[in-house]
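Computed from a predicted model, the values in this text were never measured in an experiment. Chain A is the first sequence line, chain B the second, and so forth, proteins listed ahead of strands; every chain is numbered from 1.
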Amino acid sequence: MARQGSIATQQPPKLRWGELDEDDGEDLDFLLPPRQVIGPDENGIKKVIEYKFNDDGNKVKITTTTRTRKLANARLSKRAIERRSWPKFGDAVHEDVGARLTMVSTEEILLERPRAPGSKAEEPKAGGDPLAQLGKGGAVLMVCRTCGKKGDHWTSRCPYKDLAAPPEGFIDKPASSEAATTATGASKGTYVPPGLRAGAGAERTGSDMRRRNDENSVRVTNLSEDTREPDLLELFRPFGAVSRVYVAVDQKTGMSRGFGFVNFVNREDAQRAINKLNGYGYDNLILRVEWATPRTN
Amino acid sequence: MRPILMKGHERPLTFLKYNRDGDLLFSCAKDHNPTVWFADNGERLGTYRGHNGAVWCCDVSRDSTMLITGSADQTAKIWNVQTGEQLFSFNFGSPARAVDLSVGDKLAVITTDPFMDLPSAIHVKSIAADPEDQTGDSVLVLKGPQGRINRAVWGPLNKTIISAGEDAVVRIWDSETGKMLKESEKETGHKKTITSLSKSADGSHFLTGSLDKSAKLWDIRTLTLIKTYVTERPVNAVTMSPLLDHVVLGGGQDASAVTTTDHRAGKFEAKFYDKILQEEIGGVKGHFGPINALAFNPDGKSFSSGGEDGYVRLHHFDPDYFNIKI
């Protein structure tokens, strides 16, 4: 490798007109001719011509000449290289050039992973809360609303649940126990779903946990087809802890159907997200963000 | 990755084998011509003409000069790899199913199918250094297993022969005396026909694939079951990466059921599993029929699959394959 002068390590930053005024005026790189690259030619010789101001403020031309040499494939054994030049035999002798026996696939084939890299297989663990498992990923901030403990358990699993009085003005009220008891008490004779009947709420498990959280569910419509769940998570995460992101995907085509749901742990976060993102321009479309279920009160 | 498609066979593929240097790929199919390809670009080097029936299996000597093939025309033939010339033909009374050369290439094990009133058998033949001196005499003939013996391979130091087949039992035989040493147990073993068997690169363990929709990893000396890989379709072909702890299973539905379903439902993918965690890593799609043959390049950087559709697909892995994390 031959080399004259010194190589400029950093390139002049790309000029943006908006930044011109803020510059302190010393950086005049934009006055220099642009960087020139000649080659590489058949011998692998490449010339790079750059211009730069030196410390005295003079313009300097730097020419860097490099030669790239391809190394022979060292992995092949001598025998294998010999075999490369073996004459064809059998049916291959009569092979005409246009036979197209060997073709490179026009289709890009990927090693399709059964689930997203880094995620664990869903194991039906006894008593395992799916949200709690999500929490381990760091996406959800687990805060018990009964005892205020962080990252240890969910409100429904709070060991101090019975000790603490139900807080007043509980916004995210679960459709369970107390509410249901009063409901059944008030209107005898009307049908009450088994899940809402008195006593049914005591041993609620993970799936109900999820349902209750549906109340903090936000529907996002008018999504572009390219939007995937991680994109949505990225978009909504700044507003607060997100417990679930779902983008509806067409089973047949695998394309997004243009809408999705985001569940927040806290209702206030969800409200803020709605206020902020409804009408937000995302991927050249204007998002519509609203509560997934009409508010019931 | 963009696989290389090789359409040299008119009929379904049956077996694939790389030579030790990994520059040649041998393919066997139900058409009568085993074929050799350059394993890097998929160019056809030649075909071995002379068989008169489906070719079920092949093996190549360590120095890549001699090829042995077993065929349904009731012969096993020895070929000159370079010229495609037939050097010798072992004649049997029934179709030859599996062939495997021993360490040192002095012996070959050949299995034959049950045919007419002949039972299936495992033959051990000695291979002469000079093809002129080659004889067709068997050193040893093992009989006993019922049904076809789909695979027979040599154990460590050529002291044992491992066989597996239609009776779903893996057996280890003494290659000197012909006595059966070990046999897989009913509880841990396969439930249906074992279709394929593949040794690890170091020969310490081997993998069997079966129509019972599972593949099992065994210790080659003690025949203890190490791992089981469960899948949702019959397994026709298995192979192990010599580089990473990956096993690859290929399969699909029976060929007779293929036309009745959509190809997406056929599950004609090569499925990658983590050898230790037994967890699925991913699948490589592409074939239009069940995968009948799989082989890993000895360098672990590419693998090929052969399908019922008559195609060999040669896959060179993308760099990110080597950093897959579970």
Side-chain angles (χ1 to χ4, degrees), chain A residues 70-125 128 133 136-138 228 230 249-255, chain B residues 1-8 19-24 33-50 63-65 80-85 264 269-272 277 279-286 299 301 311-315 317-318 320-321 323-326:
Chain A
K70 263 210 180 125
L71 286 173
N73 203 338
R75 279 188 312 124
L76 278 178
S77 73
K78 212 166 149 192
R79 279 258 188 84
I81 293 164
E82 226 174 83
R83 284 195 283 268
R84 255 310 3 156
S85 51
W86 278 1
K88 303 246 167 139
F89 59 90
D91 293 337
V93 175
H94 314 293
E95 210 163 289
D96 40 315
V97 188
R100 311 257 293 155
L101 223 61
T102 304
M103 281 186 296
V104 176
S105 167
T106 50
E107 205 183 339
E108 180 79 20
I109 305 275
L110 295 168
L111 186 73
E112 284 176 28
R113 310 205 58 180
R115 51 185 175 274
S119 66
K120 273 279 185 194
E122 269 184 53
E123 288 158 31
K125 248 194 262 170
Q133 278 175 15
K136 279 175 204 147
R228 292 286 174 268
V249 172
D250 193 307
Q251 289 290 335
K252 275 203 194 110
T253 60
M255 299 285 275
Chain B
M1 52 196 164
R2 281 182 193 274
I4 297 169
L5 277 62
M6 290 121 86
K7 177 74 179 137
N19 68 339
R20 192 179 65 98
D21 294 322
D23 65 319
L24 298 179
N33 302 318
T35 301
V36 59
W37 313 81
F38 286 116
D40 50 352
N41 59 5
E43 194 189 330
R44 184 163 77 168
L45 173 59
T47 59
Y48 301 91
R49 283 184 295 187
D63 58 3
S64 308
T65 55
N80 181 330
V81 167
Q82 181 175 0
T83 60
E85 179 196 348
R264 276 170 301 195
E269 298 152 272
K271 285 270 188 203
F272 281 66
L277 302 173
E279 244 178 86
E280 189 184 325
I281 299 167
V284 174
K285 283 185 186 155
D299 68 3
K301 288 172 184 164
Y311 277 96
V312 180
R313 293 174 73 96
L314 178 59
H315 307 79
F317 289 115
D318 292 334
D320 43 343
Y321 161 77
N323 313 316
I324 285 181
K325 298 262 176 348
I326 288 221

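For B/Arg49, the part lying near chain A is the side chain, with the backbone staying farther off; criterion is any non-hydrogen pair under 4.5 Å. With a 4.5 angstrom heavy-atom cutoff, B/Asp318 touches chain A only via side-chain atoms. Contact annotation for B/Ser64: both backbone and side-chain heavy atoms come within less than 4.5 Å of a heavy atom of chain A. Contact annotation for B/Leu24: only side-chain heavy atoms (C-beta onward) come within less than 4.5 Å of a heavy atom of chain A. There is no contact between B/Phe317 and chain A, counting heavy-atom distances below 4.5 Å. Within the 4.5 angstrom heavy-atom criterion, atoms from both the backbone and the side chain of B/Asn41 approach chain A. Neither the backbone nor the side chain of B/Val312 comes within contact range of chain A; no heavy atoms are under 4.5 Å apart.
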Apply the test side chain to side chain contact (heavy atoms under 4.5 Å, CB included) to residues A/Phe89 and B/Thr47: give CA-CA distance (whole Å), side-chain angles for both, the deciding distance (0.1 Å), then the verdict. CA-CA 6 Å; A/Phe89 59 90; B/Thr47 59; 5.7 Å; no
As a quick check of understanding, evaluate side chain to side chain contact (heavy atoms under 4.5 Å, CB included) for B/Arg44 and A/Asp91, giving each step before the final call. CA-CA 9 Å; B/Arg44 184 163 77 168; A/Asp91 293 337; 3.7 Å; yes
Begin from the C-alpha positions of B/Asp40 and A/Arg84 and carry the test salt bridge (charged side-chain N to carboxylate O under 4.0 Å, His left out) through to its verdict. CA-CA 11 Å; B/Asp40 50 352; A/Arg84 255 310 3 156; 2.5 Å; yes
Are A/Trp86 and B/Thr83 close enough, and set up right, to give a side chain to side chain contact (heavy atoms under 4.5 Å, CB included), and what steps lead you there? CA-CA 9 Å; A/Trp86 278 1; B/Thr83 60; over 6 Å; no
Before you tell me yes or no, could you show the steps for B/Leu5 and A/Thr102 under side chain to side chain contact (heavy atoms under 4.5 Å, CB included), namely the whole-Å CA-CA distance, both residues' side-chain angles and the distance that decides it to 0.1 Å? CA-CA 6 Å; B/Leu5 277 62; A/Thr102 304; over 6 Å; no
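A donor-acceptor pair under 3.5 Å is absent between the side-chain atoms of A/Glu112 and the main chain of B/Val284, judged by distance alone. A distance-only check finds no donor-acceptor pair linking the side chain of A/Ser105 to the backbone of B/Arg2 [under 3.5 Å].
Residues A/Ile109 and B/Arg313 approach most closely at CD1-NH2, 3.7 Å, considering heavy atoms. The two residues B/Phe272 and A/Leu111 come nearest to each other via the heavy atoms CD1-CD1, 3.6 Å. Between A/Arg83 and B/Asn19, the shortest heavy-atom distance links the atoms NH2-ND2, 3.3 Å. Heavy-atom minimum distance, B/Gly46 versus A/Ala92: CA-CB, 3.7 Å.
For CD of A/Glu108, the number of neighbouring non-hydrogen atoms (other residues, nucleotides, ligands) closer than 6.0 Å is greater than 12.
Taking the salt bridge (charged side-chain N to carboxylate O under 4.0 Å, His left out) definition, one finds that B/Lys7 meets it with nothing, sequence neighbours left out.
Interface summary for chain B: among A/Arg79, A/Met103, A/Glu107, the most heavy-atom pairs under 4.5 angstrom belong to A/Met103. Counting heavy-atom pairs closer than 4.5 Å to chain A, the top-ranked of the candidates B/Ile4, B/Asp21, B/Leu45 is B/Leu45. Interface check for chain A: of the options B/Leu314, B/Val81, B/Asp320, the most heavy-atom pairs under 4.5 Å are formed by B/Val81.
The distance from atom CH2 of B/Trp37 to atom CG of A/Leu101, rounded to the nearest 0.5 Å, is 4.5 Å.
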